[in-house]
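Hydrogens, waters and symmetry mates are skipped; everything else that's a heavy atom, side chains included, is used. Throughout, numbering of the chain's residues begins at 1 and tracks the sequence. Each ligand, and each atom within it, is numbered from 1 in the order the structure gives. Worth saying up front: this structure is predicted, and the values here are computed from it rather than measured.
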Amino acid sequence: MTDVNQPPPSVAPPALLQVEQLQQYFTLGGGLLKKGRTLYAVDGVSFSLAPGKTLGLVGESGCGKSTLARALLKLQEPTGGRIVFDGQDITAYSPRQMRPLRQQMQLVFQDPQESLNSRHTVETILQEPFVIHGRGTRAERKVWTTELLARVGLPASALGRYPHEFSGGQRQRIGIARAMALKPKLLVCDEAVSALDVSVQSQILNLLLSLQQEHQLALLFIAHDLSVVKHISDDIAVMYLGRIIELAPADELYHHPRHPYTQALLAAIPRPNPRQRFAPAMLIGEPPSPANPPSGCHFRTRCPYAGELCAKQPPRLNSEGLVNKEHHVACHYHQQIAEGSRLPKSAADYDNIASLSSSS
Ligand code: SF4
């Protein structure tokens, strides 16, 4: 596949995590005599993340967000690109070389029910990271686990209980406590609040923010919903079919989205900003398969503004023509769309966009 994303400038140098042109491809099917098809799950993704900052990563399910997380944490071997963590190029690190770094980069999962061992007490679960990395005596570990529980808002009496005895929000607090046990520098939250009620979501987001302030944590916060990442992110990257198609500071992205896909995601939020000025595009149809992505711009089969160039040439992620140079967008026509000189390609698209604009 063609490299379309140039590495954008750092969110705030020096970066703790630098990801350059990361690729994660999988081969589907095939056999001894038959060549398999390639699935382009992550296709040339670049970004950087500084200590104490949050990057929100958003896109529809299946766009490659979770695969990207696993690749940059080296839970699977990336096909190409480069990962620099805390000054070390870890791209080719073996599992043994990664072992001391594992404590610095932790993952919080969507479903704590699955990630917490149901046969172990909370005490055993929270002690596990200390045991694996040979930290402390038994007495010290007991003190640390009690402190961890208190820090995530749970009483010491929870230590002797099992994961199924807790609510979803409490289980996620236990998951976060376990991830924070070794004081990591990077926390990757993969849909960590998606399964929770809205009120519980905000409690968990507040907990993550306070932990971030205390420990200068860098957070990569993955969600399928732009409204969830808004309050926690310094910057937001929008992903579509394995590529980042827009990357900007959070306020800039919410108030001046330039990519038709980002505009459609924002329009799908139940209570859109009444002051929004852009004409949001409707999302037409389902995303294509990453095993058979459209040529040129991957979004072109759903984009009401697509033109001839979109099928021929993949748009580069860049800040050309944008006032805010921290804003990057991958669309050949974003300037014309913003100026209103490029109209949607069909009357139906035009009606959809016009009705969304007037109702916003
Ligand atoms: Fe739409 Fe073309 Fe822009 Fe892609 S490059 S988002 S198809 S206008």
(request) Kindly indicate whether a cation-pi arrangement holds for Arg342 with Tyr333, taking the cut-offs as under 6.0 Å to the six-membered ring centre and within 45° of the axis. (result) yes
(request) Flag Cys297 as yes if one of its N/O/S atoms falls below 2.8 Å of atom 2 (Fe) of ligand 1, otherwise no. (result) no
(request) State whether a side-chain donor-acceptor pair under 3.5 Å links Asp197 with Ser199. (result) no
(request) May I ask you to establish whether Arg302 and Tyr261 are in a cation-pi arrangement, using a distance under 6.0 Å from NZ or CZ to the six-membered ring centre and at most 45° from the ring axis? (result) no
(message) Between Lys74 (side chain only) and Tyr93 (backbone N and O only), is there a donor and an acceptor less than 3.5 Å apart?
(response) yes
(message) Ignoring hydrogens and geometry beyond distance, is a side-chain donor-acceptor pair present between Ser46 and Arg82 at under 3.5 Å?
(response) no
(request) Measure the distance from atom 5 (S) of ligand 1 to every protein heavy atom, then report the residue, atom name and distance (to 0.1 Å) of the closest one. (result) His332 N, 3.3 Å
(request) Scan side-chain atoms only and decide if Gln24 and Thr67 contain a donor-acceptor pair under the 3.5 Å cut-off. (result) no
(message) Within ligand 1, which atoms have a heavy atom of Pro260 less than 4.0 Å away?
(response) 6 (S)
(message) Any heavy-atom pair between the side chains of Val122 and Leu154 that's under 4.5 Å?
(response) no
(request) Using a strict cut-off of 4.0 Å, indicate which atoms of ligand 1 neighbour a heavy atom of Tyr333. (result) 8 (S)
(message) Counting non-hydrogen protein atoms only, what is the nearest one to atom 3 (Fe) of ligand 1? Give residue, atom name and distance.
(response) Cys331 SG, 2.3 Å
(request) Considering the heavy atoms of Ala306, write down every atom of ligand 1 situated less than 4.0 Å from one of them. (result) 7 (S)
(message) Once you restrict to heavy atoms under 4.0 Å, what part of Cys303 touches ligand 1? Side chain, backbone, both or neither.
(response) side chain
(request) For His259, counting its heavy atoms only, list the atoms of ligand 1 lying under 4.0 Å from any of them. (result) 6 (S)
(request) For atom 2 (Fe) of ligand 1, find the nearest protein heavy atom and state the residue, atom name and distance (0.1 Å precision). (result) Cys310 SG, 2.2 Å
